Amino acid sequence: MKILYATSEAVPFCKTGGLADVAGSLPAALAAEGAEVAVVLPLYQKVKANFGQQLTFLCYDYVDLAWRHSYCGLFSLERDGVTWYFLDNEQYFDRPDLYGYMDDGERFGFFSRAVVRMLPHLKFWPDVIHCNDWQTALVPIYLKDDGVREDRFRSIKTVLSIHNIEYQGRYGRQTLGDLFGLDHGWADDGTILMDGDVDLLKGAILCADAVNAVSPSYANELKMPYFAHGLDGIMRRCGYKLSGVLNGIDMERYDPETDSHIAARYSAADLSGKAADKAELQKIMGLQQEPYVPIVGIVSRLVAHKGLDLICEVLHDMMELPLQLVILGKGDRKYEEFFRWAAQQYSGRMAVRLDYNEDLSMAIYAGADLFLMPSKSEPCGLSQMIAMRYGTVPIVRETGGLKDTVHPYEAWRDAGNGFTFASYSSGDMLHVIREAVYLYKDYPDAFGRLRQRAMACDFSWGRSAKEYLRIYSNVTGQPWPAPAAEAPAPVVEVPAPVAEESVPDAEAPAPVAEESAPDAEAPAPVTEEPAPDAEAPASVAEEPVPAAEEPGKKAPARKRTAKGTSKKPAVARKSAVKTGGRSSAKIDPSKNKTAAKEKEDAAE
Ligand code: GLC
């Protein structure tokens, strides 16, 4: 199975949010399961500066989008069994930030067009392109557009992951042809239109062969107006191909036993290091050195959907409790100002750092006792999983991935791995914070067992990767795990003797199939609706699907640009100049490296 993962950010190359963590881990987990995986990203300024030396220039081509004809360079590097491709166009991506520019629509329109355009230059013709959020939402749309003319594009199935439906890529209707190069038919039938605007995510939801949300609960919530930002009707309509796959975390990176970012290491068996980390956190944040007072930690973007209003409402009541509060994050001014002011009122018991700082965040995960995430909505949320891994017991509102990962503490049967509340109510939140604080103080043994259960949770990517492979298998019709070609051999060797014996033999292959089934089913919480499994392929059945191998064979025919060439065809060169595409300096790999080096030097 050949998977191309298209994303606008990925750790360790570039990151603004959780998408980068997912894109940084999932591809390697898919590769570890035996899939062939490549990832494609824009070549941002930061990537060039930090990884320029490791990149290999492969080739370049031109991407036509509406009236634009733009240069696109292709670089790659290998990492963890995955090929990472970077698409280069300085006009669009040689900027300090990833997003936030007035031409973001054009930038990611170009990127999505380029992903499809550059396919012939990649190491394989993918069976599936897995897109993420609005930035790559045009990929399934362009594939359909190109599929009308060329069979090989129809052979590619698409999966769209929704990490946050709030961001949809909405633009004025005039952008349809002028910016995105799409025919008016896409608007006439409503596919890409939302309340009169172009809505890229909506178009992708309708065009993709499978859609998934990053947790089963979020998949459900997306069918409700409260969560769907106007797309609930579309999500309900597409329910047949919608599933929820819970994200994982990088269990190796986030391991208190080996983490070099924290002051003292520890494990579930020996938590003494955690006490040292707590003392260290109190020291660096200027809190009183009180080992028996629980520290409640918050690491969050300070924005409304993180539920910060609840904290603002009852902060003074919270501070009546015997606890210390640590907040790390930046965002909306109103929260920043409130928390800064509050920290002054409770100096020594409450500390705030309005920043994002990886080391400090790890110090909080390791040093705190409780981790507060009262989100109004949370598609998946990674922080609560990291906190649990570090034995910091989460207190969360039951929404999205928080609901799927944190199970409420039940004193009567000593169960659960955290504290939860359901209504978006500051009173309810305060109630469970109080419960948590007093469990910590008055019932340390019970709290200790709760902590152990949190630390024992398995949030590894392997589980999610298996679910994604099942989705890919559904949309492509390719069985997964791939049937082992050699499997029948042992059966042939054993059988002959007695008739009775051949019965068990005949059954022998069954366990093989059974074994794989539990694998696929193990992460039961993940699949929401089994129905789409059967229907997804059906939904594309009308289209003549070429033989799976055919496109791969055709692809080389289009490979016209020599690998590593620095000579450009004269015609192409002219076009580049005409459209202000790219200077030849960028095309030369050695020069690119020099440029990256210069930038590093300048940075120093
Ligand atoms: C978005 C969501 C977050 C999720 C992440 C990765 O950032 O807001 O909940 O964990 O994507 O899927």
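No experiment lies behind these values; they were computed from the predicted model shown. Indexing begins at 1, ligand by ligand and atom by atom, following the structure's order. Throughout, residue positions are numbered sequentially from 1 according to the sequence presented.
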Looking only at side chains, do [X] and [Y] share a donor and an acceptor under 3.5 Å apart?
X: Glu257; Y: Ser267; result: no
X: Thr191; Y: Lys202; result: no
X: Tyr390; Y: Asp259; result: yes

Next item on the list: Decide yes or no on side-chain hydrogen bond (donor to acceptor under 3.5 Å, both in side chains) for Ser473 and Gln478, but give the supporting numbers first.
Entry: CA-CA 5 Å; Ser473 162; Gln478 291 183 27; over 6 Å; no
Notebook entry, point to check: Out of Trp134, Tyr142, Phe180, which one pairs with Phe108 under the ring-ring contact (aromatic ring centres under 6.0 Å, His included) rule?
Noted result: Trp134
Margin query: Using a 4.0 Å cut-off on heavy atoms, what residues surround ligand 1? Order them by chain and number.
Written below: Gly18, Leu19, Val22, His163, Asn164, Val214, Asn247, Glu378, Pro379, Cys380, Gly381, Leu382
Item checked: Distance (rounded to the nearest 0.5 Å) between Tyr254 OH and Ile262 CD1 -> 12.5 Å
